[in-house]
Enquirer: 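Encoded as structure tokens, here's the structure I'll be asking about.
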Amino acid sequence: MTKPKITMILDDIRQDILQLCTKEGKCEISDSEREQIAAFIYGIQISYPTFSIYDTAKGEVVYASKDQRRLVGIEGSERRGDGMAFISNALIAEESPHLDLCTRVIHQKWKEEMPIAPFTYFFNYNYRIKRGNKAFSVNQKLIPIATTSHHEPWLMLCIVSLSPYIGSHYLTFHDMQHERLEVYQFDKGIWKEKEPIRLTDLEYEIISLAMQGISYKEMGNMLYKSFHTIKKHSYTLFQKLGVNSMPQAIAVAALFKL
């Protein structure tokens with residue numbers, strides 16, 4: 001009997017994770033941890049086809065999604081083993097110092113948050129790239145999915161999304177339950193605690209209805225709101241969750257249990 005497609009996809013992900021986590025012939029994580037990583041990646045790739053896994057010990061990208069959408073003009077399959085080279089070719093020159101700073105700040109924050117458990121927090125930050133004559137903002141979510149025996153970050157899942165909206169730089173630190181939020185203040189060089197992300201009743205209703213496949217126009221009729229009001233609150237919802245579309249908002253809300 002042919003396996004269901006979801007089972008085949010999960011089997012492929014499990015095998016990839018097994019290869020990534022095997023050192024000197026021994027898998028460094030348990031079967032349950034591997035299953036958790038595979039399930040998380042499966043959920044992510046439905047709405048975020050572009051992602052990679054960064055090995056902090058090797059200092060390079062060791063896995064890249066196989067989607068055929070061109071993030072910066074390079075196929076996903078061509079990115080394997082290239083580290084961050086696949087993004088540096090499209091990076092706007094003046095963004096390099098910003099990206100270097102984000103990397104240093106994130107590493108320092110790791111040390112402050114030790115010991116670390118997988119899937120307990122994530123960083124959210126942005127930088128700009130160019131595709132042809134157009135500039136885009138790249139949003140990245142960085143999530144530890146495996147740690148060393150000393151509870152240091154080992155494998156980091158990097159979820160990438162593009163937006164034509166070029167705003168100011170940001171770097172934020174969240175726990176996975178959205179009970180804690182810190183924002184890095186670039187001008188002062190410090191982290192500042194902020195109120196955690198809270199969705200309004202209307203935003204909860206919008207995302208709940210979107211999960212049922214209901215359109216903005218139908219939402220307006222059901223909630224006695226105009227189409228433009230629904231669109232406006234949806235955009236605010238996207239900003240709060242650091243996403244660019246409703247499918248991505250649904251994925252974040254489900255995975256992070258909002």
Enquirer: May I ask you to test the Leu171-Trp191 pair for a side-chain heavy-atom distance under 4.5 Å?
Expert: yes
Enquirer: Begin from the C-alpha positions of Phe186 and Leu101 and carry the test side-chain contact (heavy atoms from CB on, under 4.5 Å) through to its verdict.
Expert: CA-CA 9 Å; Phe186 289 101; Leu101 174 60; 3.7 Å; yes
Enquirer: Sequence neighbours excluded and cut-off under 3.5 Å, please list the side-chain donor-acceptor pairs for residues 111-121, or say none.
Expert:
from	atom 1	to	atom 2	distance (Å)
Glu113	OE1	Arg180	NH1	3.1
Glu113	OE2	Arg180	NH2	2.8
Thr120	OG1	Ala117	O	2.7
Tyr121	OH	Trp110	NE1	3.2

Enquirer: Leu223 and Phe227: same hydrophobic cluster, using ILVMFWY side-chain contacts below 4.5 Å?
Expert: yes
Enquirer: Could you tell me whether the side chain of Thr236 reaches within less than 4.5 Å of the side chain of Glu203, counting heavy atoms only?
Expert: yes
Enquirer: Are Asn124 and His174 packed together at the side-chain level, in the sense that at least one heavy-atom pair is separated by less than 4.5 angstrom?
Expert: yes
Enquirer: Mind running side-chain contact (heavy atoms from CB on, under 4.5 Å) on Tyr125 and Ile106 for me, showing each step along the way?
Expert: CA-CA 10 Å; Tyr125 61 103; Ile106 288 171; 3.9 Å; yes
Enquirer: Do Met211 and Leu237 belong to the same hydrophobic cluster, where Ile, Leu, Val, Met, Phe, Trp and Tyr are linked whenever their side-chain heavy atoms lie under 4.5 Å apart, directly or via other members?
Expert: yes
Enquirer: Return yes if some donor-acceptor pair links the side-chain N/O of Thr56 with the main-chain N/O of Trp154 below 3.5 Å, else return no.
Expert: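 Answer holds: yes.
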Enquirer: Check Ile230 against Ile206 and note the closest heavy-atom contact, atom names and distance.
Expert: O-CD1, 3.9 Å
Enquirer: Answer whether the closest heavy-atom distance between the side chains of Phe123 and Lys109 falls below 4.5 Å.
Expert: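 Phe123 vs Lys109: side chains touch.
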Enquirer: Flag the pair His98 / Tyr127 as yes when their ring centroid distance falls below 6.0 Å, and as no otherwise.
Expert: no
Enquirer: Could you go through the side-chain contact (heavy atoms from CB on, under 4.5 Å) check for Cys158 and Lys141 one step at a time?
Expert: CA-CA 6 Å; Cys158 181; Lys141 286 181 173 60; over 6 Å; no
Enquirer: Measuring from Ser226:OG to Lys232:NZ, what's the distance to the nearest 0.5 Å?
Expert: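 Those atoms lie 9.5 Å apart.
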Enquirer: Output the distance between atom CZ (Phe122) and atom CD1 (Ile143), rounded to the nearest 0.5 Å.
Expert: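 Answer rounded to 0.5 Å: 7.0 Å.
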Enquirer: If you look at every heavy atom in Ile37 and Ala146, which pair is closest and at what distance?
Expert: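 Distance-wise, the nearest heavy atoms are CD1-CB, 4.4 Å.
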Enquirer: For Ala93 versus Pro97, what's the shortest heavy-atom pair and its separation?
Expert: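 Result for this residue pair: O-CD, 4.0 Å.
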Enquirer: Rounded to the nearest 0.5 Å, what separation is found between the CD1 atom of Ile145 and the CD atom of Glu33?
Expert: 11.0 Å
Enquirer: Would Tyr170 and Ile92 show up in the same hydrophobic cluster when neighbours are defined by side-chain heavy atoms closer than 4.5 Å?
Expert: no
Enquirer: So, taking the atom named CE in Met219 and the one named CD1 in Ile214, what distance separates them when rounded to the nearest 0.5 Å?
Expert: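 The CD1 atom of Ile214 is 6.5 Å from CE of Met219, to the nearest 0.5 Å.
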Enquirer: Does atom CG (Asp201) have a neighbourhood of more than 12 heavy atoms from anything else shown, all under 6.0 Å?
Expert: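 Result for CG/Asp201: open.
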Enquirer: Answer with yes or no whether the side chains of Glu95 and His169 bring together a donor and an acceptor at under 3.5 Å.
Expert: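 Per modelled atom types, His169 and Glu95 side chains form a pair under 3.5 Å.
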Enquirer: Measuring from Glu218:CD to Leu209:CG, what's the distance to the nearest 0.5 Å?
Expert: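 It comes to 9.5 Å.
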Enquirer: To the nearest 0.5 angstrom, please state how far the SG atom of Cys102 sits from the NE2 atom of His107.
Expert: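 Reported to 0.5 Å precision, the distance equals 11.5 Å.
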